[in-house]
Amino acid sequence: MTDSTPAPYGGAAPAAARKPLTLHRLRAMRDAGEKIAMLTAYDASSAALLDASGVDCLLIGDSLGMVMQGHTSTLPVTLEHVAYHTACVARGNRSAWIVADLPFGSYQESVEQAVRSAVTLMQAGAQMIKLEGGGWTTPLVRALVERGIPVCAHLGLTPQSVHALGGYRIQGRDAQAAATLCTHAAELDAAGAAMLVLELVPSELAARISADFRGITIGIGAGRRTHGQVLVLHDMLDLTQGPKPRFVRNFMDGAASIADAVCRYVRDVKSGAFPDEARHGYVA
Ligand code: KIV
């Protein structure tokens, strides 16, 4: 088969021209005020398309339990599931930065369990692992960072705690809850977390945390003043059936193709046109 022969069953898209993203380059983008565009990815074909469309970071989120497996929460997702999808994404990707979720039950027991689980995902192709929660996770983050594993923390609405939080609700609305989130963010920063997802928190609070956090903040339903944005791919492509969160925009609306929709997402994140603060921000 020559280079110009299409691979059977689609295959991966042609390699993107850009250089592989590193943590160093992502930090430089943040320092230069360039917004970082992240989307979830679970398979090789979409990873190749997202990468070729300019998405900076691919997240193998445990949202795969809902969008790929049809569960009503992320709780049934196992480490083996995430490792499998991470390996698929890594095969399709050329240059985007790959972040994989530690699923529920894979890090709650001990530092040792968290390290073992993170090693599994890094060996599957992740370049950074993400874990949910603050306070009790700080020693885990420190241990992972000390062992050379880049960490993305996740605060606000943490879907693995959906039952404890009483549903998919906005977090950090009152002064005390906001102060706790700020404290947790500062502790995670001091422990070495290089990235922080802020989910469903008021825009003002996300802006405050982003101003103090030394790494990169990525918002989802957290307004536009974070250093980057993330959406679940199936939500922004309008593949998800039923009601979607208020902050989701359907990028297929007016797009000529999936690749066009993804390019529009990247363009709008970079320009600040997404999210729309009035519709997507949650001002306390
Ligand atoms: O699992 C996931 O996809 C996530 C994002 C929504 C942030 O954690």
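Counting convention: from 1, in listed order, for ligands and their atoms alike.
Interface atoms of ligand 1 facing I220, defined by a heavy-atom separation under 4.0 Å, are 6 (C). Ligand-side atoms of ligand 1 in range of D101: 1 (O), 2 (C), 8 (O), range being under 4.0 angstrom from any heavy atom. Atoms of ligand 1 found under 4.0 Å from any heavy atom of G61 (numbered from 1 in listed order, with element): 1 (O), 2 (C), 3 (O). Ligand 1 places these atoms under 4.0 Å from at least one heavy atom of T40: 3 (O).
In this structure, Y42 has its ring center at least 6.0 angstrom away from the ring center of H81.
Side-chain atoms of T158 do not come within 3.5 Å of backbone N or O of Q160 as any donor-acceptor pair.
Residue contacts with ligand 1 for L64 are absent, since no atom lies close enough (heavy atoms, distance under 4.0 Å). Within the 4.0 Å heavy-atom criterion, neither part of T74 lies near ligand 1.
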From CA spacing to verdict: salt bridge (Lys or Arg N to Asp or Glu O under 4.0 Å), D189, R214: CA-CA 7 Å; D189 189 5; R214 289 172 302 166; 3.1 Å; yes

Test side-chain hydrogen bond (donor to acceptor under 3.5 Å, both in side chains) applied to S95 and R18, step by step: CA-CA 7 Å; S95 59; R18 67 179 174 173; 2.8 Å; yes

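On a distance-only criterion, S63 and ligand 1 share at least one N/O pair closer than 3.5 Å. Inclusion of D62 in the set of residues having an N or O under 3.5 Å from an N or O of ligand 1 is warranted.
Scanning the protein heavy atoms around atom 5 (C) of ligand 1, the nearest turns out to be L59 CD2, 3.6 Å.
At least one heavy atom of K130 sits less than 4.0 Å from an atom of ligand 1.
Between K270 and D56 there is a salt bridge, since at least one side-chain N of the basic residue sits less than 4.0 Å from a carboxylate O of the acidic one. Using a cut-off of 4.0 Å between Lys/Arg side-chain N and Asp/Glu carboxylate O, D62 and K130 are scored as not salt-bridged.
Residues D43 and S46 bring a donor and an acceptor atom of their side chains to less than 3.5 Å of each other.
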